[in-house]
Amino acid sequence: MSGTTEAHGLTNPEGGFPPPAEFTAQANVGEEAYERAAADRVGFWEDAARRLDWTQEWDQALDWSNPPFAKWFAGGKLNVAVNCVDRHVDAGHGEQVAYHWVGEPGDTRTITYAQLKDEVCRAANALTELGVQSGDRVAIYLPMIPEAVVSMLACARIGAVHMVVFGGFSPDALASRITDAGAKVVITADGGYRRGAPSALKPNVDEALTKTEGVRSVLVVKRTEQEVEWTEGRDLWWHDVVGGQSTEHQADSFDAEHPLYIMYTSGTTAKPKGILHTSGGYLTQVSYTHWATFDIKPDTDVFWTAADVGWVTGHSYIVYGPLANRTTSVMYEGTPDTPHQGRWWEIVQEYGVTVLYTAPTTIRTFMKWGEDVPAGFDLSSLRLLGSVGEPINPEAWLWYHKIIGGGRCPVMDTWWQTETGAHMVTPLPGVTTLKPGSAQRPFPGIAASVVDEEGKPIEAGATGYLVLTEPWPAMLRTIWGDDDRYKDTYWSRYGAGVYFAGDGAKLDEDGDIWLLGRVDDVMNVSGHRISTTEVESALVSHPTVAEAAVVGATDPTTGQGIVAFVILRGDAEDSGEELVKTLRQHVRKEIGPIASPRQIMVVAELPKTRSGKIMRRLLRDIAENRELGDVSTLTDSSVMDLISSKLPGAKED
Ligand code: WTA
């Protein structure tokens with residue numbers, strides 16, 4: 001895994017990249033954190049929790065008497081929004097910028113902590129006026145505008161549970177999430193800017209609300225000034241309802257285990273899982289990891305997580321972690337190539353970004369565009385880089401390190417999940433000798449291990465499954481409304497108390513962890529988790545499709561690409577390109593553009609085992625044009641010939 005990558009003349013030194021001396025000298029967290037946590041894991045997290053303001057101290061740091069249902073800091077009380085905003089204003093930092101917000105068309109907004117506090121209080125008063133109470137669920141379906149952050153914090157402030165749905169999801173996906181969560185209020189916008197044009201959101205909400213009941217009010221932020229349909233008595237303009245409120249709001253404290261948010265993520269069945277996060281433990285770990293992994297210095301850093309608030313990365317490292325640490329962040333609305341391919345680097349230069357956190361798929365896209373693009377900008381403010389969402393291939397790591405980081409910025413490859421809430425396996429900038437492609441060590445206070453089928457720890461050099469063997473503060477508490485599924489999905493494979501992450505991993509001689517991707521039926525497309533079953537059920541819901549099988553095939557830019565094999569119904573006609581287009585459109589409508597298959601092949605048969613299970617491994621071989629593996633367990637091995645013979649006609653665009 002070490003050696004030289006030829007393509008960009010980048011060298012991966014045999015001994016790795018030692019931590020730069022200036023980091024070791026002044027890092028927020030040093031080697032001793034590992035020792036402290038090893039000696040007293042729970043006590044280590046208690047120290048981390050004390051970085052926050054509590055109105056009442058907890059009685060018990062960890063209650064694990066009923067695994068897998070954990071309670072952290074039980075009896076303790078705090079207000080998450082007050083910790084993220086008010087306490088910094090009270091400490092005299094009201095004038096510090098919380099967000100440099102950059103709209104895609106070039107408009108900007110600078111929001112200080114004092115202004116953020118006013119906005120959050122106004123929104124909290126507005127939600128209260130709309131009848132939202134502690135424990136109620138509020139759906140948020142917004143573009144990357146400051147109101148997304150304000151809405152989340154306003155919910156947290158009054159104890160309401162937010163459920164953010166990524167703006168790229170379809171009306172159907174939005175409706176099913178609203179139904180599952182039982183949301184009463186939806187916060188949306190007329191639209192947002194993407195790829196140089198306004199993209200409407202409100203019509204999606206209108207359509208979604210024809211498919212679900214229980215939503216009483218829709219708050220609409222005016223962003224793009226697009227025409228919107230209006231349902232009197234239900235729809236309200238944000239500027240009318242929030243704008244006129246008082247900036248005074250008395251915040252209550254909530255129990256550490258009070259629900260903070262639900263975030264839906266794909267699993268191995270068609271129904272997305274509502275991952276539930278709670279307050280005290282979550283905020284403790286996101287803020288501590290943000291401070292440690294990125295070595296955040298609140299007075300001088302300009303931090304940029306280039307992700308959408310609609311995903312967990314945005315929740316933890318655009319909103320909660322950075323704000324709890326009084327960080328100045330950049331928030332950018334649009335796409336990296338609008339209006340030109342240097343847009344990100346222009347933003348780094350303009351705001352003097354010091355820490356940049358993004359996904360490997362984006363880095364590979366930048367590699368494709370060429371190093372001349374970033375070379376046109378001054379990136380010397382950068383001092384640290386982060387990666388998240390999928391394994392980063394060493395070549396992309398080295399390019400990021402050299403071309404973006406000028407060879408001086410440590411790269412933190414952070415492994416974690418929607419379910420874990422915060423960083424779990426990652427290097428630390430002042431401590432770790434970096435190995436490109438490896439997420440390296442469990443974070444201090446985190447117990448991770450790589451095990452075999454039986455759950456026994458593997459030897460160096462072997463491959464197995466990543467598991468977490470002790471509870472952690474930011475862990476999910478359950479799947480919303482489905483404790484059984486929570487137990488079955490994560491805690492049943494190796495017995496109570498062992499969390500199965502669903503990722504394959506390898507251990508090297510030094511005990512460093514190399515993540516290898518999902519081992520279940522979840523694909524990772526551009527860092528987004530999409531379930532094969534979810535796409536399959538979208539396809540079979542189309543009247544022409546009898547059966548469908550979906551696999552994630554290796555893709556040089558997006559990590560994986562979605563490839564679908566479909567069998568048509570007897571009476572349906574294979575109209576070639578036309579049909580493929582229709583089916584792709586159908587998936588976009590059912591789930592959203594991110595789930596649209598890269599390739600759809602119409603086949604006469606699907607390879608199945610004798611027990612009727614579709615053999616995705618073989619389909620993946622076909623999709624990747626590999627030599628076919630062992631077909632002896634197939635019911636009928638001629639099926640593969642049949643499918644392969646279809647390949648020249650395979651459609652792609
Ligand atoms: C993958 C995103 C390797 C992994 C925060 C995990 C990674 C899934 C890494 C979670 C990484 C995330 N190296 N793989 N540094 N980070 N993954 O829930 O497969 O959207 O299970 O959370 O992304 O994706 P999710």
Side-chain angles (χ1 to χ4, degrees), residues 1 164 166 168-169 261-268 272-277 282 285-286 289-290 293 305-321 357-364 385-394 396-397 400 411-427 432 434-443 446 448 450 465-468 474-476 479 489-490 499-506 512-532 534 552 558-560 594-595:
M1 291 187 194
V164 180
F166 172 59
F169 276 118
Y261 70 82
I262 303 168
M263 162 114 273
Y264 284 84
T265 189
S266 295
T268 52
K273 303 174 289 195
I275 302 302
L276 179 70
H277 283 292
Y282 174 79
Q285 194 180 334
V286 294
T289 51
H290 175 254
T293 308
T305 290
D308 196 284
V309 284
W311 305 110
V312 75
T313 304
H315 281 48
S316 298
Y317 298 104
I318 295 177
V319 183
Y320 291 112
Y357 189 33
T358 188
T361 181
T362 319
I363 299 164
R364 290 192 296 266
L385 300 170
S387 173
V388 60
E390 55 176 314
I392 181 164
N393 47 310
W397 194 106
Y400 194 31
V411 176
M412 299 297 111
D413 176 6
T414 62
W415 178 89
W416 59 294
Q417 308 177 301
T418 305
E419 292 87 341
T420 70
H423 298 164
M424 299 296 282
V425 181
T426 175
T432 319
L434 303 173
K435 295 177 188 171
S438 170
Q440 305 202 269
R441 282 170 82 177
F443 192 86
I446 297 301
V450 185
Y465 305 101
L466 185 69
V467 294
L468 303 166
M475 67 192 273
L476 76 166
I479 292 174
T489 309
Y490 304 108
Y499 174 92
F500 174 65
D503 278 285
K506 197 179 156 119
D512 282 319
I513 298 173
W514 299 71
L515 274 313
L516 301 172
R518 301 289 307 182
V519 293
D520 53 14
D521 292 335
V522 176
M523 300 172 285
N524 189 325
V525 182
S526 298
H528 299 151
R529 273 166 71 173
I530 301 163
S531 138
T532 51
E534 206 178 344
T558 60
Q560 286 189 311
I594 52 165

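Just follow the structure's listing: the first ligand is 1, and inside any ligand the first atom is 1.
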Give the atom numbers and elements of ligand 1 that come within less than 4.0 Å of a heavy atom of [X].
X	value
Val312	5 (C), 22 (O)
Asn524	1 (C), 23 (O)
Asp413	11 (C), 13 (N), 15 (N)
Val388	5 (C)
Thr414	9 (C), 11 (C), 15 (N), 16 (N)
Thr418	18 (O), 20 (O), 22 (O), 25 (P)

Can you label the angle between the Tyr499 ring and the Tyr490 ring as parallel, tilted or perpendicular, going by 30° and 60°?
parallel

For atom 16 (N) of ligand 1, which of Gly314, Gly389, Ala505 has the closest heavy atom?
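The nearest heavy atom belongs to Gly389.
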
Can you tell which of Thr313, Asp503, Ile392 gets a heavy atom nearest to atom 4 (C) of ligand 1?
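Going through Thr313, Asp503, Ile392 one by one, Asp503 has the nearest heavy atom to atom 4 (C) of ligand 1.
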
Does Ala439 come within less than 4.0 angstrom of ligand 1, counting non-hydrogen atoms of the residue?
no

Sub-4.0 Å heavy-atom contact, Trp416 with ligand 1:
yes

Centroid-centroid under 6.0 Å between [X] and [Y] rings:
X	Y	result
Tyr282	His277	yes
Tyr320	His290	no
Tyr264	Phe169	no

Starting from [atom], which protein heavy atom do you reach first, and at what distance in Å?
atom	value
atom 24 (O) of ligand 1	Arg529 CD, 3.1 Å
atom 11 (C) of ligand 1	Glu390 O, 3.5 Å
atom 3 (C) of ligand 1	Pro391 N, 3.1 Å

Contact check, side chains of [X] and [Y], non-hydrogen atoms, under 4.5 Å:
X	Y	answer
Val286	His315	no
Met424	Trp415	yes
His423	Met412	no

Can you check side-chain hydrogen bond (donor to acceptor under 3.5 Å, both in side chains) on Thr432 and Gln440, steps first, answer last?
CA-CA 8 Å; Thr432 319; Gln440 305 202 269; 5.3 Å; no

List the steps and the verdict of salt bridge (charged side-chain N to carboxylate O under 4.0 Å, His left out) for Arg518 and Asp503.
CA-CA 4 Å; Arg518 301 289 307 182; Asp503 278 285; 3.7 Å; yes

N/O separation below 3.5 Å, Gln417 to ligand 1
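Among all N and O atoms of Gln417, at least one is under 3.5 Å from an N or O of ligand 1.
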
Within-cut-off N or O pair, Ser387 and ligand 1, under 3.5 Å:
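Ser387 vs ligand 1: no N/O contact under 3.5 Å.
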
Any donor-acceptor pair under 3.5 Å linking the side-chain atoms of Thr414 with those of Tyr357?
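Result is yes, a qualifying pair exists.
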
